[in-house]
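Note that the structure is predicted; figures quoted are calculated from it, not measured.
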Amino acid sequence: APQTLWANLLVTVESFSGILTIALFTGIIFARFSRPFARVVFSNVAVVAPFDGVPTLMFRAANQRGEAILDAGIIVTLARQHTTVEGVTMRRFQELKLLRSNTALFALSWTVMHPIDQDSPLYGLSREDMMDRDMEIVVMLNGLDEIVADRIYARHAYWADEIVWNRRFVDVISATPNGRRVVDLTRFHDTVSI
């Protein structure tokens, strides 16, 4: 047992720093494991099908979380090989314009659509053209977890061989007898010919 004032002060400082260290490490570990995960699933394929008379690139995202994602936003970028006039080959990225890139509440399913009109870098291209140019569609989704109020992020990519033409997605949203909407994820990736 401490006998002097200095020994008592040393034991007090040691006890205080020990408790502070344990509290600090507990907080760091808790913060690391309490980070939210996106738990967003993207369709296995993207489709190109007419929508309002315009060929449209479409893919689906579904929220597998128990709670909604607030203020969700999505950015779709086309990555492709480009050769300059000087003969230098480089990877180029171009953002694709979407019909709707934000939603205040992402709860069930979201079909993301890019119209392939004259302003689209995909205009006039076939699946073979996309393969020849080593094209890739890169998808970045972010939003706010409503429980812990922290940002979540999800990323996915579609290569040219994962884009199917003249097909559309099957309907996966239905209503239960009590009127609640549900997503049938067993048919989430299914497409049908048009």
**Message:** Is there a path of hydrophobic side-chain contacts, each under 4.5 Å between heavy atoms, that joins Leu99 and Val76?
**Reply:** no
**Asked** Transitively linked via ILVMFWY side-chain contacts under 4.5 Å: Leu122 with Val164?
**Response** no
**Request:** Please check if Ile163 and Leu78 belong to a single hydrophobic cluster, counting links between Ile, Leu, Val, Met, Phe, Trp and Tyr side chain heavy atoms closer than 4.5 Å.
**Result:** yes
**Request:** Look up atom OG1 in Thr84 and atom CE in Met90, then write down how far apart they are to the nearest 0.5 Å.
**Result:** 5.5 Å
**Request:** Ignoring hydrogens and angles, tell me if any N or O in the side chain of His114 forms a donor-acceptor pair with the backbone of Leu96 under 3.5 Å.
**Result:** no
**Request:** Using a 4.5 Å cut-off on heavy atoms from C-beta on, say whether the side chain of Val40 contacts that of Ile69.
**Result:** yes
**Item:** Same cluster (ILVMFWY, side-chain, under 4.5 Å), Val45 and Phe188
**Value:** no
**Message:** Is the ring pair Phe42/His156 parallel, tilted or perpendicular, if the boundaries are 30 and 60 degrees?
**Reply:** parallel
**Prompt:** Between Leu144, Asp71, Leu141, which is the residue that forms a side chain to side chain contact (heavy atoms under 4.5 Å, CB included) with Phe106?
**Reply:** Leu141
**Message:** Under the criterion side chain to side chain contact (heavy atoms under 4.5 Å, CB included), I'd like the reasoning laid out for Ile194 against Arg167: C-alpha separation, chi angles, the key distance, then a yes or no.
**Reply:** CA-CA 5 Å; Ile194 53 173; Arg167 296 187 71 81; 5.9 Å; no
**Prompt:** Do Leu70 and Leu105 pass the side chain to side chain contact (heavy atoms under 4.5 Å, CB included) test, and can you show the C-alpha distance, the side-chain angles, and the key distance before you say yes or no?
**Reply:** CA-CA 5 Å; Leu70 305 177; Leu105 185 68; 3.5 Å; yes
**Item:** side chain to side chain contact (heavy atoms under 4.5 Å, CB included) assessment of Leu57 paired with Tyr158
**Value:** CA-CA 11 Å; Leu57 173 74; Tyr158 295 99; over 6 Å; no
**Request:** Output all residues satisfying salt bridge (Lys or Arg N to Asp or Glu O under 4.0 Å) with Arg180, sequence neighbours left out; order by chain, then residue number.
**Result:** none
**Message:** Please determine whether side chain to side chain contact (heavy atoms under 4.5 Å, CB included) holds for the pair Ile75 and Ser101, giving the CA-CA distance in whole Å, both sets of side-chain angles, and the decisive distance to 0.1 Å.
**Reply:** CA-CA 7 Å; Ile75 297 172; Ser101 60; over 6 Å; no
**Item:** Side-chain touch Thr111/Phe51, heavy atoms, less than 4.5 angstrom
**Value:** no
**Asked** Taking only residues two or more places apart in sequence or in another chain, which ones pass side-chain hydrogen bond (donor to acceptor under 3.5 Å, both in side chains) with Thr186?
**Response** Asp184
**Request:** Going by the side chain to side chain contact (heavy atoms under 4.5 Å, CB included) test, name the single residue among Asn102, Val112, Thr103 that passes it with Ile74.
**Result:** Val112
**Item:** Residues in side chain to side chain contact (heavy atoms under 4.5 Å, CB included) contact with Asp119, at least two apart in sequence or another chain
**Value:** Asp117
**Message:** Please check this pair: side chain of Arg60 against backbone of Ser109, looking for a donor-acceptor N/O pair closer than 3.5 Å.
**Reply:** no
**Hydrophobic cluster membership, Val41 vs Val182, 4.5 Å side-chain cutoff** = no
**Request:** Kindly say whether Gln64 contributes a backbone atom to a donor-acceptor pair with the side chain of Arg39 at under 3.5 angstrom?
**Result:** yes
**Residue pairs fulfilling side chain to side chain donor-acceptor pair (under 3.5 Å) with at least one residue in residues 5-27, sequence neighbours excluded** = none
**Request:** Determine whether Glu162 and Asn44 make a side-chain contact, defined as any pair of heavy atoms from C-beta on separated by less than 4.5 Å.
**Result:** no
Return a table of donor-acceptor pairs under 3.5 angstrom between the side chains of residues 127-140 and protein atoms on other chains or two or more places apart.
from	atom 1	to	atom 2	distance (Å)
Arg127	NH2	Asp161	O	2.9
Glu128	OE1	Ser126	OG	3.4
Asp129	OD2	Ser126	N	3.1
Asp129	OD2	Ser126	OG	3.3
Glu136	OE1	Arg91	NH2	3.3

**Request:** Evaluate the side-chain proximity of Arg168 to Met58: yes if any heavy-atom separation is below 4.5 Å, no if none is.
**Result:** no
**Item:** Closest contact, heavy atoms only, Pro115 versus Ser120
**Value:** O-CB, 3.7 Å
**Message:** For His82, is there any backbone N or O sitting under 3.5 Å from a side-chain donor or acceptor partner on Arg92?
**Reply:** no
**Prompt:** What pairs with Glu146 under salt bridge (Lys or Arg N to Asp or Glu O under 4.0 Å), at least two apart in sequence or on another chain?
**Reply:** none
